[in-house]
Protein chains: 2
Amino acid sequence: MAFMHYTRDNMASLLRSHDINPTHQRIEIAYALFSRQEHLSADQVMAIVNTRHSETSKATVYNTLKLFLEKGLVREVIVDPSKVFYDPNTRPHHHLYEVDSGRLSDIDAAHVRISGLPALPEGMVTEGIDLIVRVRRAQ
Amino acid sequence: MAFMHYTRDNMASLLRSHDINPTHQRIEIAYALFSRQEHLSADQVMAIVNTRHSETSKATVYNTLKLFLEKGLVREVIVDPSKVFYDPNTRPHHHLYEVDSGRLSDIDAAHVRISGLPALPEGMVTEGIDLIVRVRRAQ
DNA sequence: CCTCGATCTGGACTTTGTCTAATTCCCGGA
DNA sequence: TCCGGGAATTAGACAAAGTCCAGATCGAGG
Ligand SMILES: [Mn+2]
Ligand SMILES: [Mn+2]
Ligand SMILES: [Zn+2]
Ligand SMILES: [Zn+2]
């Protein structure tokens with residue numbers, strides 16, 4: 001389910017389509033992520049959602065992001081040792097990480113080919129392959 | 001500089017060869033990492049170094065690991081959102097991460113080929129490419 | 001043995017994330 | 001419209017990883 005425009009109304013549909021009961025807080029959090037299409041930390045989500053006046057507690061932000069993750073609505077990006085980023089883009093893709101600024105951007109997986117990986121240990125199954133290109137300003 | 005056997009004596013040489021003044025604490029921390037050839041968190045390093053009797057403070061463990069990192073003696077592996085792992089293997093390699101157990105093992109980069117990555121943004125230079133294969137027990 | 005810069009240390013502090021018990025919300029039925 | 005009750009939210013205490021600092025200690029070289 002992808003939208004031209006992200007509205008709070010179609011956030012409700014999006015949540016329902018992922019088997020998530022749409023509440024005010026969940027709609028606001030989903031809207032923060034999907035309308036921006038950016039990688040956001042829990043803190044950033046909380047700041048965005050509570051700009052006008054405080055509406056959503058820290059516990060709810062964390063609980064909701066975890067729920068979204070379990071339901072496959074967002075994915076986690078682990079690239080900064082101090083915080084997790086949440087990613088509204090769940091299509092197969094990789095990441096470019098600018099170490100100095102902390103900026104994180106997507107690399108479409110369509111053209112990237114990874115070959116020569118060894119066979120997995122017996123009884124193990126791949127959950128995902130994360131490729132992170134760490135870059136910094138030259139010199 | 002690679003050794004057949006890891007002794008505290010050749011840890012001192014190793015440190016000097018990386019422009020690090022070898023002290024008791026630094027030798028113990030290097031020995032913990034290199035004699036095991038495992039990926040260890042700061043907590044694990046501290047526990048190993050302080051088994052017999054408390055010898056090294058938390059501040060020194062963190063400072064020393066950061067120093068080793070800056071001097072290129074070890075590398076960081078960011079794979080678990082709650083802690084950083086330090087890796088005595090600085091040759092090009094990737095990682096296999098067992099999500100359930102937290103076990104982390106090396107994948108030699110020699111046979112792995114990654115192609116089709118887009119050009120870097122202007123004025124940026126690659127610091128490294130991290131490839132993490134996340135696996136879990138089937139079913 | 002001294003000296004003195006380098007190193008180490010305890011402990012306070014910060015940040016990220018978790019947990020819990022109490023409250024609030026809200027949907028469906030009467 | 002009015003409940004009842006399960007689902008969701010909340011404040012705030014708590015935990016764990018990591019940082020920081022001022023004072024104590026170390027040890028190489030003279
Ligand atoms: Mn966060
Ligand atoms: Mn650690
Ligand atoms: Zn992404
Ligand atoms: Zn490794």
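Scope of the values below: all heavy atoms of this structure, side chains included, with no hydrogens, waters or symmetry mates. Proteins get letters first, then strands, A, B, ... in listed order; numbering begins at 1 in each.
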query: Within the pair A/S82 and C/dT15, is there a side-chain N or O less than 4.0 Å away from OP1 or OP2?
result: no
query: Can you check the A/K71 NZ to D/dA8 C1' distance for me, whole Å?
result: 14 Å
message: Treating A/N10 as the side-chain partner and A/H5 as the backbone partner, does any N or O pair qualify as donor plus acceptor under 3.5 Å?
response: yes
query: Under a 4.5 Å cut-off applied to non-hydrogen side-chain atoms, are A/I129 and A/L117 in contact?
result: yes
field: N/O donor-acceptor pair under 3.5 Å between B/D87 side chain and B/H39 backbone
entry: no
task: Using atom NZ of A/K83 as one end and atom P of C/dT16 as the other, report the distance to the nearest whole Å.
output: 5 Å
- prompt: Is the shortest distance from a Lys or Arg side-chain nitrogen in B/E98 or B/R103 to a carboxylate oxygen in the other one below 4.0 Å?
  reply: yes
Filtered N/O pairs between nucleotides 21-28 of chain C and protein, under 3.5 Å:
| from | atom 1 | to | atom 2 | distance (Å) |
| --- | --- | --- | --- | --- |
| C/dC26 | OP1 | A/H24 | NE2 | 3.3 |

task: To the nearest Å, give me how far apart CD1 (A/I27) and P (D/dA8) are.
output: 13 Å
field: Nucleotide D/dT9, atom C1' - distance to CG of A/L67 in whole Å
entry: 13 Å
task: For the pair A/D106 (side chain) and A/D108 (backbone), establish whether a donor and an acceptor sit closer than 3.5 Å, ignoring hydrogens and angles.
output: no
- prompt: Rounded to whole angstroms, how far apart are CG on B/D80 and P on C/dT16?
  reply: 16 Å
field: Heavy-atom check, side chain of A/L73 versus side chain of A/I20, under 4.5 Å
entry: yes
message: If I take atom CG in residue A/D43 and atom P in nucleotide C/dT14, what distance separates them, rounded to the nearest angstrom?
response: 15 Å
message: From OH of B/Y86 over to C1' of D/dA17, roughly how many Å is that when rounded to an integer?
response: 10 Å
- prompt: Roughly, in whole Å, what's the span from CE in B/M46 to P in C/dC8?
  reply: 14 Å
query: How far does the helix from C/dC1-D/dG30 to C/dA30-D/dT1 bend, going by the axes of its first and last five pairs, to the nearest 10°?
result: 10°
- line: The residue, A/E55 or A/P81, whose nearest nucleotide of DNA chain D is more 5′ is A/E55
Distances under 3.5 Å between protein N/O atoms and the N/O atoms of nucleotides 2-7 of chain C, please, pair by pair.
| from | atom 1 | to | atom 2 | distance (Å) |
| --- | --- | --- | --- | --- |
| C/dT7 | OP1 | B/N21 | ND2 | 3.4 |
| C/dT7 | OP1 | B/R26 | NH1 | 3.2 |

message: One pair to check against side chain to side chain contact (heavy atoms under 4.5 Å, CB included): A/F68 and A/H18. What are the steps and the verdict?
response: CA-CA 9 Å; A/F68 286 4; A/H18 283 256; over 6 Å; no
Side-chain hydrophobic cluster, 4.5 Å single linkage: members besides A/I78: B/I78
query: Does B/R26 use its side chain to pair, donor to acceptor, with the backbone of B/N21 at less than 3.5 Å?
result: yes
message: Could you check whether any side-chain heavy atom of B/Y6 comes within less than 4.5 Å of a side-chain heavy atom of B/Q37, counting everything from C-beta outward?
response: yes
query: Which nucleotide in the list C/dT16, D/dA11, C/dG10 gets nearest to the side chain of A/S57?
result: D/dA11
message: Determine whether a donor-acceptor pair (N or O, by modelled atom type, separation under 3.5 Å) exists between the side chain of B/N50 and the backbone of B/T56.
response: yes
Close N/O contacts between protein and nucleotides 19-22 of chain D (under 3.5 Å):
| from | atom 1 | to | atom 2 | distance (Å) |
| --- | --- | --- | --- | --- |
| D/dT19 | O4 | B/K58 | NZ | 3.4 |

query: Between B/L33 and B/L65, is a side chain to side chain contact (heavy atoms under 4.5 Å, CB included) present by the stated rule, with each step listed?
result: CA-CA 10 Å; B/L33 281 160; B/L65 290 170; 3.9 Å; yes
query: Would you call A/H94 and A/V133 a side-chain contact if the rule is heavy atoms closer than 4.5 Å?
result: no
message: Could you work out, with ring-ring contact (aromatic ring centres under 6.0 Å, His included) as the rule, every residue matching A/H93, not counting sequence neighbours?
response: A/H95
